[in-house]
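This report concerns only the one structure given below.
What you are looking at is a predicted structure, and each value in this text was computed from that prediction instead of being measured. Letters go in sequence order (proteins before strands), and every chain restarts at 1.
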Amino acid sequence: MISESSLEKLKILAGAAKYDVSCASSGTKRSNTSGGIGNAAAWGICHSFAEDGRCISLLKIMLSNYCIFDCAYCYNRKSNDIQRTSFTPDEIADLTIEFYRRNYIEGLFLSSGVLVSPDHTMERMVSVVKKLRTEHRYNGYIHMKTIPGASQQLVSEAGRWADRLSVNIEIPSEGNLKVLAPDKDYKSILEPMKMISSGITEAKEERKKYRNAPQFSPSGQSTQLIIGATNDTDNTILKLSAALYTRRDLKRVYYSGYIPVNTYDNRLPALITPPLRREHRLYQADWLLRFYGFRNNEIVNDENPNLDLELDPKVTWALRNPHLFPVDVNTADPLMLLRIPGVGTKSVQLILMARKHNRLNSSHLKKMGVVMKRAQYFITCNELRSRNVQDLKPEIVRQLLIDKKQISSDSAIQLKMFYPTIPVLR
Amino acid sequence: MNIYSFDNTFEGFLTLVFECYNSKQFPDEILSGEGSQTVLFGSDTLVVTDETKAERVWNGIVKKSSEDNAHRIYRVFLSETQETPMLLIKYVRLIIDSEKNEETNFSVPIVVEFNKLHQKVCREAQRIHMFTRFQKTIEGSYYASYAPMYNVLPLCIPHFRDRFADQNWIIYDLRRNYGFLYDLKTVTRIVFDDMQVNPQSGQLHPSILAEDEKLFQRLWKQYFKSICIEERRNEKVHRQYLPQRFWKYLPEKW
């Protein structure tokens, strides 16, 4: 099945898929079935890192890069004169298995251009995934894109076989989407999201009653937003993300700095480099939403519609709320500890454990991984009081915390967030 | 000066702890392995590994702290650095001699140091999960080798046994010259005497590679190249996450 000619196809169809940033392979824990191949590790494993620094966990590939849509921001749009090709479902299944057996990958991320019609494309994609699960008895991770406008029946079938489904929103506001992607509308994107979300909820309910009830997209769903292709503010973007997390129960929203792939289209801004710093700040804000108990309007709001590019969003928030500081690390409740700049989720866990034994001072905190450079202005601990944000005034602290060196080397900061957390081996 | 030496097994180390408490003599220095240095010092104690004694110490640690903590001690033991046995002795004494469970007392330097090394060992094991690359042989089995910084292969085996349950495989530690073989049923520890492996790169001799192995390596290389977004090229991060010492084992970097 796989031959020399597959090399050329792989070149085109991996190249076409690379703009999807999702690489997560976590969230499902599935053991191998007897006689089968593969399992899914709950924490996800990266297998390599591309030269752009992004993790390679999955075989990220398009079934086809033919597309009947003409979305302005997309490299594979109909009106682009590029080489086009398609894999057969068997080729993708074989390639996945061969790569998986060599431990190159954690699983498959299958996407596609819209071939003939959304349903036609979706049907072919489902056939790949079904083949892997049934014929190849493959238990590894599968992430599958849902084609906007695909029927409910196909979405449900996809959810049976895949670990994660995703529909990319791409453009953070409907007005801008209409301008840039005339073939799409929010309905065609949000409807399948709703279907997936209710599919997940139903399957979870069923499994409470019957342990062997079929799973449905057990690792949840995710989406992607393109940053900097439109005039949407960070406020608009984070409002949307927060709503997706709470109302649609999304596992992840990915932010992808717009890469000027179609420079000739004057509906798009003329960017020289992708807005990596803004993307990085959005990921930090996203972390605050998901793991630090922040609400989106605490991070950005109508008065401050965009994130501060020079400082991380937690510091910015703290400087806007100096009256809440300094925080006493020996007595503060966990939620307030999480809000101290320079203190991460791991440090909070360590502080909570350690302070049962001893009163903590700054050298303890430093050893536990607290970034004292930032935290010093926002805490008190078991030693003489140092100058904090109240004594110094927020503007001064702001100047002290801006890292001049970091700003000059924009490229070095991106993508730290893609590195998975290290699991504790048992 | 108290000098102890033991056989460099985990049971041996636990026995050593037992002997220390038994004689109330704690080491100033620990020698591991059959080092010839032992001859040079007259006053050293050679520990004879005893499973019963080892188990008593293990149970003591579990009782004083937790089973998780006992497993952490095992993993730190596998770091096999020169300082490891002394660090572990100090840590185990803290656990055993304290009234309360001290494993979470991160205000004690030894607890922090212990946990840091533990994290390093776990990270190295994780890298084996990540960067193992099997080469398919002419007989249809899969081979991979490495030279991990710490002796982490035993920690990785359950993962590979579950994931690759339907293929024969060997994973070999070139630095410590031993490995594990899985034959669809059980995993056995092996030592090669006649290696058809390049000890530098871990690559199998071309004559024993499966016919399509080179093709899949080329496909993987092509994939690695195509997935990179040129506009975002960032070699610094690339090197940070993909340490150069692993490159020689990765087809995408050949």
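Ion pairing of A/Lys9 with A/Glu91 is present here, as a side-chain N (NZ or NE/NH1/NH2) and a carboxylate O approach within less than 4.0 Å. Ion pairing between B/Arg75 and B/Asp68 fails under the 4.0 Å rule for side-chain N and carboxylate O. Between B/Arg127 and B/Glu124, at least one side-chain N (NZ, or NE/NH1/NH2) sits under 4.0 Å from a carboxylate O, which counts as a salt bridge. Using a 4.0 Å cut-off between charged side-chain N and carboxylate O, B/Glu252 and B/Arg133 make a salt bridge.
Residue B/Gln135: no heavy atom, backbone or side chain, is found under 4.5 Å from chain A. B/Phe246 does not touch chain A: none of its heavy atoms, backbone or side chain, sits under 4.5 Å away. A/Arg355 does not touch chain B: none of its heavy atoms, backbone or side chain, sits under 4.5 Å away. Contact annotation for A/Phe99: only side-chain heavy atoms (C-beta onward) come within less than 4.5 Å of a heavy atom of chain B. No part of B/Lys221 comes within reach of chain A, as not one of its non-hydrogen atoms sits under 4.5 angstrom from that chain. In this structure, chain A has heavy atoms under 4.5 Å from both the backbone and the side chain of B/Ile229. Both the backbone and the side chain of A/Ile37 come within contact range of chain B, with heavy atoms under 4.5 Å apart. Contacts of A/Ile259 with chain B are made by side-chain atoms alone, with heavy-atom separations under 4.5 Å and no backbone atom involved. Looking at B/Glu231, both its backbone and its side chain come within 4.5 Å of chain A, counting heavy atoms on both sides. B/Pro158 does not touch chain A: none of its heavy atoms, backbone or side chain, sits under 4.5 Å away. Neither the backbone nor the side chain of A/Leu13 comes within contact range of chain B; no heavy atoms are under 4.5 Å apart. Residue contact with chain A, scored on non-hydrogen atoms closer than 4.5 Å, involves the backbone and the side chain of B/Phe216 alike. For B/Lys225, no part lies under 4.5 angstrom from a heavy atom of chain A. Residue A/Leu365: no heavy atom, backbone or side chain, is found under 4.5 Å from chain B. With a 4.5 Å cut-off on non-hydrogen atoms, B/Glu213 touches chain A through its backbone and its side chain both.
Within a 6.0 Å sphere centred on NZ of B/Lys253, other residues, nucleotides and ligands contribute more than 12 heavy atoms.
Residues B/Trp169 and B/Tyr143 keep their aromatic ring centres 6.0 Å or farther apart.
Side-chain contact, B/Ser66 with B/Glu103: a donor N or O sits under 3.5 Å from an acceptor N or O. Side chains of A/Ser363 and A/Asn361: a donor on one and an acceptor on the other come within 3.5 Å. No hydrogens or angles considered: nothing links the side chains of B/His118 and B/Arg72 as a donor-acceptor pair under 3.5 Å. Checking A/Gln349 against A/Thr345 by side-chain atom types alone, no donor-acceptor pair falls below 3.5 Å. Counting only N and O atoms by type, the side chains of B/Asn168 and B/Ser141 include no donor and acceptor under 3.5 Å apart.
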| task | Start with the C-alpha distance between A/Tyr75 and A/Lys18, add both sets of side-chain angles, then the distance that settles side-chain contact (heavy atoms from CB on, under 4.5 Å), and finish with yes or no. | result | CA-CA 10 Å; A/Tyr75 177 72; A/Lys18 70 184 169 198; over 6 Å; no
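Between chain A and the options B/Arg218, B/Glu230, B/Lys116, B/Glu235, heavy-atom pairs under 4.5 Å are most frequent for B/Arg218. Here A/Arg102 is the residue among A/Met353, A/His364, A/Arg102 with the most heavy-atom pairs under 4.5 Å with chain B. Most heavy-atom pairs under 4.5 Å with chain B, from the set A/Gly15, A/Ser3, A/Ser48, A/Gly257: that is A/Ser48. The candidate from B/Asp166, B/Leu242, B/Ile227 with the greatest count of non-hydrogen atom pairs under 4.5 Å with chain A is B/Asp166. Listed options A/Asn358, A/Leu7, A/Leu95 were ranked by heavy-atom pairs under 4.5 angstrom with chain B; first place goes to A/Leu7.
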